[in-house]
Amino acid sequence: MTHSSEFLQRLDARGFIHQITDAAALDAAAHKGPITAYVGFDCTAPSLHIGNLVSIMMLRHLQQAGHKPIVLMGGGTTKVGDPSGKDEARQLLDDGQIAANMASIRRIFERFLRFGDGPSDAIMVNNDEWLSQLRYIPFLRDVGRHFSVNRMLSFDSVKLRLDREQPLSFLEFNYMIFQAYDYLELSRRHGCTLQMGGSDQWGNIVNGTDLIRRIDGREAFGLTTPLITRADGAKMGKTARGAVWLHEDQLPHFDYWQFWRNTHDADVGKFLALFTDLPLDEIARLAALDGAGINHAKEVLATEATALCRGRAAAEAAAATARATFADGGTGAALPQFAVAAPVTIIEALIGLGFAASKNEARKLVAQGGARIDGNAVTSDAAPVAPGQKVSAGKKRHGLVVAA
RNA sequence: GGAGGGGUGGCCGAGCGGUCAAUGGCAGCAGACUGUAAAUCUGCCGGGUUUCACCCUACGUUGGUUCAAAUCCAACCCCCUCCA
């Protein structure tokens, strides 16, 4: 389908679109003038992870196309807990934790969006503003009457729990009502006419557009992104070590860069389109490379994606360190460091750098030939390491022992 | 309420008195091959230490039987299936 609005053209060309409630009407609205759209984010953790990046990039494209993004923080809904995809009720957070998480998350958004008072400047709002003000009886009469329990019970998030006879509290059951109500509030307060989110949010988003139509008689749209998977079928961004965090406190710049650098060949083009600002013809050229060329494309992906989230300087530094470490066998400033006062053994160095959790594990690395000092395989557990030397565990983990 | 079946290492899933730190698969780590890829092959894969060995902790929970229990018994907790 071809779109006339720059916004939908961009999203479509870059692979962001899964479903739209009324694509033609949304396209017409976005073509006619600036629209306001929002994405809701949870604040159960102090940082967002790669799984949220698609939505963040979508808001970025929205803004670049001249529209106004709203970042909705789920301060109120976090007190309720989204039952989607969870087998058990989430642990509930208190106000202090939620506020701290929100402040931390805001710093991430400031990298991707321009905030301010201008017509296309992003704003961040907290749904606790209205949710905690609600009065029960009026809310039930005005909003609750538009929700059919029969239909709510058919939602996957609810059905899953009921089918397994797992407890679903009334508190959680209300989550979808609140999410729909958020949309209504944003529609009234900010003239918001579009909610975006992941494909798992489709049902909740449609609830919102329906609610707005029923109560206020206005049109509202919904747009979802496809679930981003890797070429090998695994979920994007899930590693054995946990989520890939966007916040540098939880994941060093170098590791973030490395995450992108290790993208599968087949995913390079897709990820460049989704997670960088590079023009599409440049992406097409990079994705078509193979052999040594695709490795260059991965470096571009890593540097561009890191630059967006962590800043250009951090991205370049990570790239330079990676080049020096992997291509030239040397070292770089962005490698993890372990400060020592006196020479240590290889075992202590591996643990100190976090490459081994125990002496046992470190010994295994040595026994298997995976431990190296300045690139030379170590054969003895007692091999000494002096400040200034590089210690490696396997092919990808490198660190520097420095003088304390 | 009645009748059965089951709860095992990060996950799935064997074992059903000693040879069990527990087959196998997945995930993970390391090595080989490469391109810091994929696929493939090999090794490792509860923790600790003075590591061809030893010591801890583990098979839902708590007790018991036994020289010896993941394996048998009892009670309890939880899950599943069928009947009411």
Side-chain angles (χ1 to χ4, degrees), chain A residues 85-89 160-168 229-244 251-272 286-306 315 317-332 334-336 345-351 353-373 375-383 390-399:
Chain A
K86 298 287 183 298
D87 287 351
E88 292 169 15
L160 196 75
R161 288 273 197 94
L162 294 182
D163 286 349
R164 297 190 191 171
E165 294 186 27
Q166 281 165 335
L168 174 72
T229 54
R230 295 192 319 214
D232 65 3
K235 247 192 202 175
M236 157 89 196
K238 288 284 180 195
T239 69
R241 283 181 205 155
V244 178
L251 188 73
H253 297 317
F254 183 67
D255 293 343
Y256 189 79
W257 192 93
Q258 280 289 319
F259 167 79
W260 293 105
R261 172 63 244 271
N262 286 309
T263 297
H264 295 354
D265 286 8
D267 290 327
V268 171
K270 178 161 86 173
F271 287 1
L272 279 167
L286 287 168
L289 297 170
D290 58 1
I294 195 74
N295 267 341
H296 172 247
K298 289 181 189 181
E299 285 173 27
V300 173
L301 168 64
T303 301
E304 291 303 315
T306 305
T321 291
R323 208 173 300 122
T325 307
F326 288 98
D328 309 334
T331 62
L335 291 179
T345 65
I346 181 69
I347 299 295
E348 290 166 316
L350 286 168
I351 294 173
L353 285 162
F355 297 158
S358 66
K359 289 190 182 180
N360 233 340
E361 210 175 288
R363 287 195 186 95
K364 268 171 204 151
L365 269 171
V366 173
Q368 294 182 132
R372 281 184 299 281
I373 298 174
N376 303 311
V378 173
T379 52
S380 163
D381 290 353
K390 180 175 75 164
V391 171
S392 308
K395 296 271 163 54
K396 293 191 183 170
R397 291 177 294 171
H398 304 278

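All chains are named by letter (A, B, ...) in the order of the sequence lines, taking the proteins before the strands, and each is independently numbered beginning at 1.
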For B:A3, the nucleotide meeting Watson-Crick or G-U wobble distances (both under 3.5 Å) is B:U81
Under a 3.5 Å cut-off for both distances, is B:A32 Watson-Crick or wobble paired, and to whom?
-> B:U40
A:L286 CG to B:G35 P, in whole Å, measures 20 Å
Answer with yes or no whether the side chains of A:S358 and A:E361 bring together a donor and an acceptor at under 3.5 Å.
-> no
Student check: side-chain heavy atoms of A:E304 and A:W260 closer than 4.5 Å = no
Under a 3.5 Å cut-off for both distances, is B:C16 Watson-Crick or wobble paired, and to whom?
-> none
Roughly how far apart, to the nearest Å, are B:G25 and B:G13 at atom P?
-> 16 Å
Integer-rounded Å distance: B:U51 P and A:L365 CG = 18 Å
Please examine the side chains of A:N295 and A:R261, heavy atoms only from C-beta on, and report whether any two atoms are closer than 4.5 Å.
-> yes
Integer-rounded Å distance: B:G48 P and A:I347 CD1 = 12 Å
Determine the Euclidean distance between corresponding P atoms of B:U81 and B:C72; express it in Å to zero decimal places.
-> 25 Å
To the nearest Å, how far apart are A:F259 CZ and B:U36 P?
-> 19 Å
Can you name the closest pair of heavy atoms from A:A319 and A:T303 and give their distance?
-> CB-OG1, 3.6 Å
Strand partner of B:A75, provided both Watson-Crick or wobble distances fall under 3.5 Å = B:U61
Side-chain N or O of A:S358 less than 4.0 angstrom from OP1 or OP2 on B:G47?
-> no
Below 4.5 Å, heavy atoms only, C-beta onward: do A:V391 and A:L350 meet side chain to side chain?
-> yes
Which one, B:A37, B:A30, B:U34, comes nearest to the side chain of A:K395?
-> B:U34
Expressed as a whole number of Å, how far does the P atom of B:C82 sit from that of B:A68?
-> 43 Å
Any idea which heavy atoms bring A:W257 and A:A322 closest together, and the distance?
-> CZ3-CB, 3.3 Å
Would you mind reading off the distance between A:D328 atom CG and B:U36 atom C1', rounded to a whole angstrom?
-> 13 Å
With sugar-phosphate meaning primed atoms plus P, OP1 and OP2, does A:K359 contact a base, only sugar-phosphate, or nothing at under 4.0 Å between heavy atoms?
-> sugar-phosphate
Write down the distance separating the C1' atoms in B:C29 and B:C20, rounded off to the nearest Å.
-> 24 Å
Round to the nearest Å and state the distance from A:R363 atom CZ to B:U50 atom P.
-> 5 Å
With rounding to whole Å, what would you report as the distance between B:G64 and B:G9 at their C1' atoms?
-> 26 Å
Determine whether any donor atom in the side chain of A:N360 lies under 3.5 Å from an acceptor atom in the base of B:G48, or the reverse, and answer yes or no.
-> yes
For B:A74 versus B:U65, give the span between their P atoms, rounded off to a whole number of Å.
-> 15 Å
For A:R397 and B:U36, is the shortest distance between a side-chain N/O and OP1 or OP2 below 4.0 Å?
-> no
Does A:K396 place a side-chain N or O at less than 4.0 Å from the phosphate oxygens OP1/OP2 of B:A37?
-> yes
How many Å lie between CD1 on A:I294 and C1' on B:U34, as a whole number?
-> 15 Å
Have a look at A:Q258 and say if it touches a base, only the backbone sugar-phosphate, or nothing, with a 4.0 Å heavy-atom cut-off.
-> base
Remember a base hit wins even if backbone is also touched, and classify A:R372 as base, sugar-phosphate or nothing at under 4.0 Å, heavy atoms.
-> sugar-phosphate
Do A:Q368 side-chain and B:G31 base share a donor-acceptor contact under 3.5 Å?
-> no
In whole angstroms, the gap separating P of B:C52 from CG of A:D381 amounts to 12 Å
With the side chain counted from C-beta on, respond yes when A:T325 and A:K390 share a heavy-atom pair under 4.5 Å apart, and no when they do not.
-> yes
How far, in whole Å, is B:G17 from B:U66 if one measures between their C1' atoms?
-> 9 Å
Have a look at A:A393 and say if it touches a base, only the backbone sugar-phosphate, or nothing, with a 4.0 Å heavy-atom cut-off.
-> sugar-phosphate
Between A:A371 and A:A327, which has a closest nucleotide on RNA chain B that is more 5'?
-> A:A371
Interatomic distance at P, B:U19 relative to B:C33, whole Å = 41 Å
So, the side chain of A:K298 versus the backbone of A:T263: is there a donor-acceptor pair under 3.5 Å, distance only?
-> yes
Can you tell me the pairing partner of B:A22 across any strand shown, Watson-Crick or G-U wobble, with both distances under 3.5 angstrom?
-> none
From the list B:G35, B:A30, B:U36, which nucleotide is the closest neighbour of the side chain of A:W257?
-> B:U36
OP1 or OP2 of B:G43 less than 4.0 angstrom from a side-chain nitrogen or oxygen of A:K364, does that happen here?
-> no
